[in-house]
Amino acid sequence: MTQRLVDTQRSIALRIVQSGAQALDERHSAKALTSLSIALALLERLPDDGTTIKATCQTLLGRCCLDLGEFTFALEWFVSALPVHTRCDGEQSQSIAAAHSDIGSALLGLERYDEALRHFRRAMSIEEAILGESNPTLARRWTNLGVGHYKTGDLSSAVHCYTKAMTIDRTTLGDKHPAMATKWNNLGLAWKQMGELDLALSAFTQALDIDSTACDPAAFATTLYNLGITWGACGNLTSAIDFLDESYRIRHECLGANHPITVDTAAVLRQVKS
């Protein structure tokens, strides 16, 4: 293969990777997976050029698999990409922090929570050193740590991490940004699990106030669901049914009757009504 042909094919592969990345950003994960698989097959036939194009493609494939719930495949792609990013960018780079965060997310999906926490802490430590403690990226890292602690049952640590994430996002995004609704929902779930139902209701109500003005029906339905199950835990079945009914209606309309989330919502609603 001539160098000119190699360069042409590498340029084509790069364009396909960029197209796949855009599809992934637009939440078209299956479409992105197809494009990126084609790009990787093309790149694997070409000589190594010493760049991270192939590793970037593998990372994006892993993120597609994450979105599709294929956590084992996601982990394999992330682990495959890590040595190249390390060689090209160094162990204390933002690309390595992102790689550890991705690996942690795949491990969360596989219910390997202690391992996930180790990778999330590694990502946090790298980016704190590079960016400082108040950079917006750190809000995502604190959230990941919070989820890991929540999954292990360390609820007080989860609340601490979620609060740190919220403090950063409030400063950089403002109180009414949709990301703040996610943070309130995270806090509410931790407080509910701790039996702090009044705090949980307050958090979910804050999230609902934000979600009601945003254009994300899925997030709105999630907050309604959280309020419904918490009112049910409080013994207020009338309010629980009202919120769960509305959550089910939105999920049925957006996801369809047979989607697992819709089915689970219907089952909880039946249980509360019975």
Would Arg141 and Asn144 count as a side-chain contact (heavy atoms from CB on, under 4.5 Å) if you check the C-alpha gap in whole Å, the side-chain angles of each, and the deciding distance to 0.1 Å? CA-CA 5 Å; Arg141 304 301 178 231; Asn144 287 341; 4.1 Å; yes

For the pair Ile130 and Gln94, evaluate side-chain contact (heavy atoms from CB on, under 4.5 Å) and give the outcome as yes or no after the intermediate values. CA-CA 8 Å; Ile130 296 171; Gln94 284 185 260; 4.0 Å; yes

So Thr51 and Asp49, side-chain hydrogen bond (donor to acceptor under 3.5 Å, both in side chains) or not? Walk me through it. CA-CA 6 Å; Thr51 71; Asp49 65 346; 2.8 Å; yes

Is there a side-chain hydrogen bond (donor to acceptor under 3.5 Å, both in side chains) between Gln22 and Gln18? Walk through the geometry before answering. CA-CA 6 Å; Gln22 181 178 347; Gln18 291 168 339; over 6 Å; no

Worked check of side-chain contact (heavy atoms from CB on, under 4.5 Å) between Thr182 and Asn186: CA-CA 6 Å; Thr182 302; Asn186 287 337; 4.0 Å; yes

Under the criterion side-chain contact (heavy atoms from CB on, under 4.5 Å), I'd like the reasoning laid out for Thr59 against Trp77: C-alpha separation, chi angles, the key distance, then a yes or no. CA-CA 6 Å; Thr59 296; Trp77 286 124; over 6 Å; no

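Atom CG of Asp242 and atom CG of Leu227 lie 11.5 Å apart (nearest 0.5 Å). The CD1 atom of Ile103 sits 5.0 Å away from atom CG of Leu82, with the distance rounded to the nearest 0.5 Å. Distance check, rounded to the nearest 0.5 Å: SG of Cys161 to CE of Met124 gives 7.0 Å. With rounding to the nearest 0.5 Å, the separation of CD1 in Ile241 from CD in Glu246 is 14.5 Å. Taken to the nearest 0.5 Å, the OG atom of Ser101 stands 7.5 Å off from the CD atom of Glu127. Between the OG1 atom in Thr72 and the CG atom in Leu110 there is a gap of 4.5 Å [rounded to 0.5 Å].
Judged purely by atom type and a 3.5 angstrom limit, Ser247 has no side-chain atom pairing as donor or acceptor with the backbone of Phe243. With hydrogens and angles disregarded, no donor-acceptor distance shorter than 3.5 Å links the side chain of Ser202 to the backbone of Asp198. With hydrogens and angles disregarded, a donor-acceptor distance shorter than 3.5 Å links the side chain of Thr2 to the backbone of Leu5. In terms of modelled atom types and a separation under 3.5 Å, the side chain of Ser11 and the main chain of Asp7 share no donor-acceptor contact. In this structure a side-chain-to-backbone donor-acceptor pair under 3.5 Å is missing from Thr262 to Asn258. Looking at Arg63, its side chain never comes within 3.5 Å of a backbone N or O of Ala21 through a donor-acceptor pair. At distances below 3.5 Å, at least one donor-acceptor pair connects side-chain atoms of Thr163 with backbone N or O atoms of Val159. Between the Ser19 side chain and the Arg15 main chain, no donor and acceptor come within less than 3.5 Å of each other.
Considering only heavy atoms from C-beta on, Met166 comes within 4.5 Å of Trp184 through its side chain. Within the 4.5 Å cutoff, the side chain of Asp169 has no heavy atoms near those of the His177 side chain. Counting heavy atoms from C-beta outward, Leu36 and Val17 have side chains that approach closer than 4.5 Å. Looking at heavy atoms from C-beta onward, Pro178 lies out of side-chain contact with Asp216 at the 4.5 angstrom threshold.
Within 6.0 Å of atom CD in Glu44, more than 12 heavy atoms from other residues, nucleotides or ligands are found, so the atom counts as buried in its surroundings. Other residues, nucleotides and ligands contribute at most 12 non-hydrogen atoms within 6.0 Å of the CD atom of Gln271.
Among all heavy-atom pairs drawn from Ala200 and Lys192, the shortest one is CB-N, 3.7 Å.
Linking Ile, Leu, Val, Met, Phe, Trp and Tyr residues whenever their side-chain heavy atoms come within less than 4.5 Å places Tyr113 and Val79 in a single cluster.
Looking only at atom types and distance, the side chain of Thr223 has a donor-acceptor partner in the side chain of Asn185 under 3.5 Å away.
We find that Asp264 and Arg251 are not joined by a salt bridge, their nearest charged nitrogen and carboxylate oxygen being 4.0 Å or further apart. The pair Lys176-Asp209 counts as a salt bridge, with a side-chain nitrogen and a carboxylate oxygen less than 4.0 angstrom apart.
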